Amino acid sequence: METEFIPIDYDYFDFNGKNYIQIIGKNNNHKKICLIDSYEPYFWAVLHKDVKQKTIDKLIKEIEKIQLDEKGRATKVEKIELHTKNYLGTSYPCLKIFVTNFKDAHAIADKLGYKEIFKRRGYDLSLITKYIIDKKLLPLNWYKISGEILDISEFGGLANNLDVEQVLKLEKAQKIEKLEKEAFNPKIIAYDLEVDNLEIGKGEILMISLVSENLKKVLTWKKIQNAPEFVETLKDESQLIERFIEIVKKENPDFLTGYFSDGFDLPYLKARAEFYKIKLNLGIDDSIVKFSRGRELSGKIFGIVHIDLLRFIETAYSQYLESETLSLNEVANELLGEKKLDFEIKHSTKLKPENWRNYFEYNLQDSMLTYKLFQKAWPDLLEFSRTMQEPIFDVSRNGMSKNVESYIIHNLENYNEIAEKRPMHEEISERMQREKYEGAFVLQPTPGLYENIAMFDFTSYWPSIIATFNLSKSTILEKKQKNALEVKIDEKKYYFSKKKGFFPLMLEEIIKKRKQFKQEYKDNPSPILKARSNAFKLLANASYGYQGFFGARYYCPEASAATTSISRDFIKKIINKINKAGYKAIYSDTDSIALLLNKNSQSQAIRFLDELNKNLPGIMELELEDFYKRGIWVTKRDGEFGAKKKYALINYENKLKIRGFETVRRDWCRLARDLQSHIIKEILTTGNHESALSYLKQIIKKIKNREIDVRQLIIKTQLKKPISEYKANTPHITAARKMVEQEIPVDIGMLIEYYIAESKNNAKGKSKELVRDRVKLKDEPGNYDIEYYLNHQILPAVENIFRVFNINLQEIADGKRQKKLGEF
DNA sequence: GAAGTGGATATACC
DNA sequence: ACTGGTATATCCACTTC
């Protein structure tokens with residue numbers, strides 16, 4: 001039996017004590033296929049270099065005798081092979097020890113207390129990861145496969161109740177190339193629950209919406225006359241759950257997706273199903289939904305990949321998004337230009353029929369948005385999975401450190417490397433206590449309005465340093481060696497080998513691929529190429545942090561410290577060269593330099609950049625980010641020094657680039673942010689402050705006359721931990737407590753919205769009330785505090801901008817504020 | 001009782 | 001606890017004179 005096949009999800013099962021792999025995927029006729037494959041699990045024993053052959057033979061005989069019978073599972077060492085492998089870049093004789101069941105590999109490894117054995121490795125990788133590495137059946141790639149149709153009786157009748165076109169025992173698989181357009185088009189169902197009580201399982205499920213290519217449905221038990229046609233009314237909540245299961249099973253999609261569905265929708269469904277003693281058997285083998293533990297729950301369905309889009313968006317998109325929160329509403333608005341429907345959610349007992357009809361629409365829209373977001377994210381999900389070579393289920397939930405590690409693990413074979421082990425608890429807590437090492441260099445700017453500016457920046461600066469200077473766990477030397485690179489950090493010297501290590505080499509490849517895909521995308525734009533280029537970009541960006549991350553297998557803070565140390569040296573040298581060549585570096589942060597062109601032309605600057613590049617070693621590269629016609633740098637709130645990480649630029653297409661200013665900070669009120677951005681724009685466009693100042697005066701007048709809508713004055717601050725864990729009584733915690741009192745749901749991660757109202761004992765005025773005592777929730781009636789908004793929001797946001805022009809709003813700040821304000 | 005200081009907290013930059 | 005360090009700024013509690 002031959003067919004084309006694309007693997008989507010991987011699972012495993014035990015039969016007669018042995019491990020078997022189950023792969024769910026599609027054939028070229030878009031039918032679901034299940035492949036069964038055997039797998040011989042093994043781990044490595046790294047031997048000391050000088051162990052003699054005779055001793056090795058004896059050792060093998062010893063180890064071969066090991067048998068275990070734990071948890072009713074008889075396991076033994078099946079066979080042993082001798083290989084020469086690298087461990088952290090050094091070659092060793094290694095024993096490849098095959099065991100009956102991979103779950104016992106760790107226990108058997110623990111029995112190997114022989115002095116000839118230097119390290120035991122490879123027993124802590126997941127079975128799926130090992131399978132993908134060894135059999136090279138990579139996720140989301142096409143294969144021509146041959147196999148035998150599984151007999152109904154085999155593996156205890158496994159093929160019997162599996163809802164797939166075919167179950168095949170895999171014999172051969174050969175990778176084939178397919179054009180992207182004739183490639184795999186996944187079937188997706190998006191779903192969303194509406195409930196009465198947000199606490200998992202504590203309320204009733206009111207309705208569930210489902211959206212697929214040819215499916216738009218809201219299931220409910222609420223009988224409403226003239227309900228929209230997409231509504232299907234069931235007898236009660238238990239029928240509703242059963243109908244949901246029925247539809248999903250009938251549709252049998254590749255992906256079932258929700259938004260925060262790991263944390264809400266799926267656990268809720270499970271809890272309510274349990275309440276009614278219904279089996280939530282969504283799996284294509286009728287298995288129930290399982291939740292794997294971890295920091296967050298992950299809901300897994302056999303044969304249908306459950307994707308919580310929020311989790312993928314957190315790792316893959318959040319750094320690019322401008323949205324203030326990652327709520328479905330904001331993310332959909334930014335990525336799709338579509339919003340959730342307006343609907344005020346109330347307890348179901350308080351809803352009138354027309355409210356219900358709107359509620360159904362609202363519920364359907366949530367699934368529609370989720371469905372569209374999935375399609376938008378699909379190229380990225382696909383390319384993440386292909387790049388890291390891990391299933392989409394995992395890649396969509398893992399953070400970037402895990403993704404970097406997946407990439408490493410799956411590419412180790414190219415370097416004949418054995419995987420390093422994961423740090424254990426004790427080691428992790430030790431690592432967490434390490435002192436911080438010094439990071440990036442930031443040049444203090446001189447405040448001012450500048451003209452004719454260029455911005456240079458290093459491409460993938462830190463990764464390119466790691467690759468160029470060979471900084472990693474496998475290349476750091478214990479002591480000084482001939483030709484070794486010496487890096488001095490805090491009077492301590494570290495040495496790195498000149499012989500390239502696998503991590504720097506992989507990184508070099510990642511950077512090169514990123515460059516290549518970026519170029520391919522430019523030449524021939526497609527969502528897939530963009531996603532591919534982006535996956536490699538994110539991988540490069542996260543790789544530096546990976547080496548300094550306590551959970552990393554290839555943890556090496558010395559390499560991280562050396563990376564930043566070298567980065568500081570280089571950027572300072574470049575700054576010096578810039579200043580000596582008739583330019584003036586006015587600002588620099590980490591990998592970028594803003595410089596004044598002075599008398600030089602733009603083309604001269606580009607030639608100068610080429611010169612600088614000629615003297616850069618390895619794959620380090622400096623590029624032109626853009627030319628700007630004006631830029632402004634301001635002082636810190638107090639003192640005359642220039643503030644770092646705060647500037648605004650305007651290029652020759654009149655596009656603004658604003659960094660660090662309150663304009664881009666969500667914890668400042670809308671009025672202050674809009675005013676500041678207006679003023680920055682005015683100044684950068686005109687080159688003077690006059691129109692900006694008159695605009696400011698207008699706004700101040702409006703505030704004093706109470707002409708400002710309180711919605712413009714709402715301050716939003718995120719609640720980052722449970723209220724009880726806060727030591728400080730800040731305004732936003734006070735607001736959160738008020739919300740709890742008023743029975744408004746308060747959750748970690750939520751933006752707390754409030755404004756500052758007039759003091760109650762305003763007239764007496766002597767001992768001023770604290771800010772937190774004047775907090776009112778966003779919908780609470782009251783008068784905003786004119787003094788607060790003037791002196792704590794509006795003026796702080798703009799006074800250091802005007803100070804650049806010697807306009808002294810400072811006197812106002814110095815206590816003469818009240819009097820001075822009268823002048824406006 | 002005003003002024004200064006430092007801790008806790010949030011958010012941004014790269 | 002789930003990449004890293006650098007930096008600004010607010011509010012509030014506390015100390016100091």
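The model shown is predicted, which means the values in this text are computed figures rather than measured ones. Sequence lines set the chain letters: A, B, ... in the order given, protein chains first and strands last, and positions in each chain run from 1. Reckoned from all heavy atoms, side chains included, excluding hydrogens, waters and symmetry mates.
The one candidate from Arg666(A), Lys716(A), Glu330(A) that meets the side-chain hydrogen bond (donor to acceptor under 3.5 Å, both in side chains) condition with Thr325(A) is Glu330(A). Checking each of Ile593(A), Thr446(A), Leu596(A) against Ile586(A) for a side chain to side chain contact (heavy atoms under 4.5 Å, CB included) leaves exactly one that passes, namely Leu596(A).
Distance noted for atom P between dT3(C) and dT9(B): 22 Å (whole Å). dA1(C) and dG5(C) have their P atoms separated by 16 Å, with the value rounded to a whole Å.
Using a 4.0 Å cut-off on heavy atoms, the residues of residues 541-554 of chain A that approach DNA chain C are Tyr544(A), Gly545(A), Gly548(A), Phe549(A), Phe550(A), listed by number. Near DNA chain C, meaning a heavy atom under 4.0 Å from it, residues 724-735 of chain A has Asn729(A), Pro731(A) in order of number.
Going from atom CG of Asp589(A) over to atom C1' of dA12(B) covers 11 Å, rounded to whole Å. Taking atom OH of Tyr461(A) as the reference point, atom P of dC14(B) lies 15 Å away to the nearest angstrom. When the P atom of dA9(C) is taken as reference, atom CZ of Phe641(A) falls 14 Å away, rounded to whole Å. A straight line from CD of Glu427(A) to P of dA1(C) spans 16 Å, rounded to a whole angstrom. Summarising the geometry, the separation between CZ on Phe570(A) and P on dC14(B) is reported as 22 Å, rounded to the nearest angstrom. Rounded to a whole Å, the OH atom of Tyr587(A) is 14 Å from the P atom of dT6(C). If you take CD1 of Ile658(A) and P of dC13(B), they are 10 Å apart, rounded to a whole angstrom. In this structure, NZ of Lys436(A) is placed 6 Å from P of dT6(C), rounded to the nearest angstrom.
Looking at heavy-atom distances under 4.0 Å, Arg434(A) makes contact with sugar-phosphate atoms alone, never a base. Looking at heavy-atom distances under 4.0 Å, Tyr437(A) makes contact with sugar-phosphate atoms alone, never a base. Counting any heavy atom pair closer than 4.0 Å across all strands shown, Thr717(A) reaches sugar-phosphate atoms only and no base atom. Across all strands shown, Tyr555(A) has no heavy atoms under 4.0 Å from either base or sugar-phosphate atoms.
We find the CZ-OG distance between Phe469(A) and Ser565(A) to be 10.5 Å, quoted to the nearest 0.5 Å.
In this view, Phe502(A) and Tyr554(A) satisfy the ring pair (Phe, Tyr, Trp, His ring centres under 6.0 Å) rule, not counting sequence neighbours. Listed by chain and residue number, Tyr437(A), Trp462(A), Tyr544(A), Ser567(A), Arg568(A) satisfy the side-chain contact (heavy atoms from CB on, under 4.5 Å) test with Thr564(A) (two or more places apart in sequence, or in another chain). Residues meeting the ring pair (Phe, Tyr, Trp, His ring centres under 6.0 Å) test with Tyr407(A), sequence neighbours left out: none.
Listed pair Thr590(A) / dC14(B) fails the phosphate criterion, with no side-chain N or O lying under 4.0 Å from OP1 or OP2. Lys645(A) has no side-chain polar atom (N or O) that falls below the 4.0 Å cut-off from OP1 or OP2 of dT11(B). Within the 4.0 Å cut-off from OP1 or OP2 of dA1(C), not a single side-chain nitrogen or oxygen of His425(A) is found. Residue Arg659(A) places at least one side-chain N or O closer than 4.0 Å to OP1 or OP2 of dC14(B). Contact check, Lys402(A) against dC2(C): no side-chain N or O comes under 4.0 Å of OP1 or OP2. For Arg772(A) and dC11(C), the shortest distance from a side-chain N or O to OP1 or OP2 is not below 4.0 Å. Residue Arg665(A) places none of its side-chain N or O atoms closer than 4.0 Å to OP1 or OP2 of dT11(B). Distances shown here put every side-chain N or O of Lys644(A) at or beyond 4.0 Å from the OP1 or OP2 atom of dC14(B). A sub-4.0 Å separation between OP1 or OP2 of dC11(C) and a side-chain N or O of Tyr788(A) is present.
Under the 6.0 Å cut-off for aromatic ring centres, Phe291(A) and His306(A) do not qualify, their centroids lying 6.0 Å or more apart.
The side chain of Lys720(A) approaches dT11(B) more closely than any other nucleotide in the set dC11(C), dA13(C), dT11(B). The side chain of Gln718(A) lies closest to dT11(B), out of dC12(C), dT11(B), dT6(C).
Under the salt bridge (charged side-chain N to carboxylate O under 4.0 Å, His left out) criterion, the residue pairs touching residues 458-475 of chain A are Glu420(A)-Lys473(A), with sequence neighbours excluded.
There is a side-chain donor-acceptor pair under 3.5 Å between Gln676(A) and Thr663(A).
Electrostatic pairing of Arg397(A) and Asp308(A) does not count as a salt bridge here, judged by no charged N lying under 4.0 Å from a carboxylate O. The pair Lys421(A)-Asp124(A) does not count as a salt bridge, with every side-chain nitrogen at least 4.0 angstrom from each carboxylate oxygen.
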